[in-house]
Amino acid sequence: MTKPFACVVTIGFVLAACHQTGGTARAIDQNAAINAAADGSASAGPLTLAGSTEFPGYAGDFDHFAIDAKGGRLFLAGEESAELEVLDLKTGGVIKRLKGYGTPHSVFYMPGANELLVIDGDKPSPVLDAETLAVKRTYDLPKGADSIGFDSKTGHLWIVTGGKDVPQKDSNLIEIDPATGKLIKTVHFDADHVEAMAVEQNGPDLYINVTDKNYLAVVDKASGKVVKTWPIKEAEQNAPIAIDEKGRRLFVVTRKPGKLLVLDADTGATVAAFTAPERTDEVTWDAANRRVYVTGGQGYTSVVEQDDPNTYREVAKVKTLPGAKTAVVDSAQSRLWIAASPGETKAMGKVLWYSIAPR
């Protein structure tokens with residue numbers, strides 16, 4: 001593990017001191033997994049804890065990740081401590097902790113320009129040089145800018161804005177050119193809580209959870225029109241979403257109560273349903289291994305495997321930490337990174353990383 005080290009200052013953002021410490025369902029004990037990683041033995045299961053990094057002094061919730069595979073960096077939005085965490089993608093060590101933000105929610109890496117756009121819900125959203133982390137320019141996005149979705153066909157970024165946190169009685173989904181900040185179009189929702197989206201990369205649609213109205217909206221990307229609405233009947237507060245575009249399946253997680261719903265992406269029909277951890281903030285589709293990871297604040301990650309688009313099995317409940325709610329798959333290293341938020345507790349903020357067992 002890397003020893004604590006002093007940080008530097010960049011223009012416009014102050015850096016804090018940085019430290020690193022670092023199917024039947026079944027639970028994998030975290031302490032056993034830590035010990036196994038230390039002595040070189042392997043524990044069976046789809047996910048094995050390989051390490052963790054602590055964030056001393058962090059308070060509140062983390063939000064979403066982004067990966068710069070070429071530069072070997074992992075970025076994490078520190079939503080409630082108003083900072084951006086920068087980690088070494090191989091070792092998990094903290095490179096820098098950048099302060100000076102408002103409410104950073106999402107991070108988008110642009111490999112062509114080697115730039116990083118940090119979506120800030122309160123302040124102008126900065127574009128950073130991904131190597132030096134210096135601010136190159138800022139975009140004045142609407143208040144409440146939060147969840148994002150990328151369309152590789154157009155190179156455009158979709159961003160949820162507005163909503164109850166601003167506070168605002170309605171919400172808007174905006175499409176921008178992330179290279180310039182230019183607004184392309186706006187999709188309006190008469191709802192104060194619109195959450196995550198899944199964007200087709202080889203199709204015309206975008207799927208977005210209208211959480212307070214309990215339905216899933218299908219948006220035609222070209223026109224910006226809502227072309228379908230599918231009510232979520234099994235539970236309330238549909239929020240996280242992921243897509244298996246090849247298999248034409250959507251993975252939607254509700255919070256009241258916690259459920260994972262597998263939906264047909266063409267009809268909205270429910271294909272399968274599972275109990276999900278409470279306070280889930282991310283559902284992740286691992287296409288290489290045909291697995292769904294549901295990360296929740298209840299302290300475990302549910303792992304559901306797809307045998308075919310109509311057949312699913314929950315194969316593990318992997319113990320994590322309370323508040324471990326957001327995640328990202330690092331396909332190149334076969335890792336799942338999970339951010340464990342201290343929330344309102346006095347727990348240490350951590351990033352956990354798990355080795356993914358191939359199927």
Side-chain angles (χ1 to χ4, degrees), residues 7 12-21 52-66 74-87 92 94-108 116-126 128 133 135 138 141-148 159-168 171 192-196 211-212 237 239-240 253 255 277-283 295-299 301 320-328 337-352:
C7 293
F13 288 79
V14 181
L15 303 182
C18 304
H19 303 273
Q20 181 203 3
T21 62
S52 66
T53 301
E54 294 185 347
F55 290 84
Y58 190 91
D61 284 348
F62 293 113
D63 218 335
H64 300 291
F65 286 99
L74 178 71
F75 303 99
L76 173 62
E79 175 184 356
E80 291 191 353
S81 273
E83 59 191 70
L84 176 69
E85 318 299 357
V86 186
L87 290 79
V94 175
I95 296 173
K96 288 182 180 178
R97 295 177 68 179
L98 288 158
K99 288 190 176 293
Y101 292 86
T103 310
H105 287 291
S106 300
V107 188
F108 178 66
L116 193 74
L117 171 59
V118 182
I119 304 299
D120 197 315
D122 289 326
K123 291 185 176 182
S125 296
L128 311 181
L133 301 177
V135 179
T138 60
L141 300 176
K143 289 290 184 181
D146 194 336
S147 302
I148 64 173
I159 307 170
V160 172
T161 68
K164 59 186 176 63
D165 291 338
V166 175
Q168 188 174 309
S171 304
D192 70 3
H193 190 183
V194 176
E195 273 271 2
T211 304
D212 64 327
Q237 297 183 11
V253 178
R255 293 175 175 161
E278 301 296 331
R279 303 185 304 281
T280 292
D281 217 15
E282 196 108 43
V283 57
T295 43
Q298 195 173 345
T301 290
T320 55
L321 288 172
K325 301 184 294 183
T326 58
V328 68
W337 299 85
I338 302 177
S341 300
E344 297 177 356
T345 72
K346 294 182 179 180
M348 179 74 71
K350 292 184 178 182
V351 169
L352 314 173

Would you say T211's side chain and Q237's backbone share a donor-acceptor pair under 3.5 angstrom?
no
List, one per line, each side-chain donor-acceptor pair under 3.5 Å for residues 159-166, sequence neighbours excluded.
unit_1, atom_1, unit_2, atom_2, d
T161, OG1, N172, O, 3.0

Output yes when a side-chain donor or acceptor of T103 lies under 3.5 Å from a complementary backbone atom of D120, and no otherwise.
no
I'd like to know if the side chain of T326 reaches the main chain of H64, judged simply by a donor and an acceptor atom lying under 3.5 Å from each other, with no hydrogens or angles considered.
no
Going from CG on L133 to CG on L98, what distance comes out if it is rounded to the nearest 0.5 angstrom?
5.5 Å
H105 side, atom NE2; D61 side, atom CG - distance, nearest 0.5 Å:
10.5 Å
T295 side chain to T301 main-chain N or O, any donor-acceptor pair under 3.5 Å?
no
So do L84 and L116 actually touch side chain to side chain, heavy atoms under 4.5 Å?
yes
Test of understanding: with salt bridge (Lys or Arg N to Asp or Glu O under 4.0 Å), list the residues that count as partners of R255, not counting sequence neighbours.
E195, D281
Per salt bridge (Lys or Arg N to Asp or Glu O under 4.0 Å), E85 is matched among R97, K350, K99, K96 by R97
Heavy-atom closest pair, residues V135 and L128:
CG2-CD2, 3.5 Å
Tightest non-hydrogen contact, residues G60 and S341, listed as O-CB, 3.7 Å
If every non-hydrogen atom of Y58 is compared with every non-hydrogen atom of E79, which pair is closest and at what distance?
OH-N, 3.3 Å
Please find the pair of heavy atoms, one from A82 and one from P104, that lie closest to each other, and give the distance.
CA-CD, 3.9 Å
Calculate, to the nearest 0.5 Å, the distance between atoms NZ and OG1 belonging to K325 and T280 respectively.
9.5 Å
Check whether any side-chain N or O of E278 sits under 3.5 Å from a backbone N or O of Q298 as a donor-acceptor pair, and report yes or no.
no
Answer yes or no: is there a side-chain heavy-atom contact under 4.5 Å between L74 and F65?
yes
Are S125 and L117 close enough, and set up right, to give a side-chain contact (heavy atoms from CB on, under 4.5 Å), and what steps lead you there?
CA-CA 7 Å; S125 296; L117 171 59; 4.1 Å; yes
Where P342 and A347 come nearest, the two heavy atoms and their spacing
CB-O, 3.2 Å
Could you walk me through whether V351 and V94 pass side-chain contact (heavy atoms from CB on, under 4.5 Å), step by step?
CA-CA 10 Å; V351 169; V94 175; over 6 Å; no
Separation between NZ of K123 and OG1 of T138, rounded to the nearest 0.5 Å
11.5 Å
Nearest heavy-atom pair of W337 and G92: which atoms, and what distance?
CH2-CA, 3.9 Å
Looking only at atom types and distance, does a side-chain atom of D212 sit under 3.5 Å from a main-chain N or O of D192, one as donor and one as acceptor?
yes
Is there side-chain contact between F75 and V118, with heavy atoms separated by less than 4.5 Å?
no
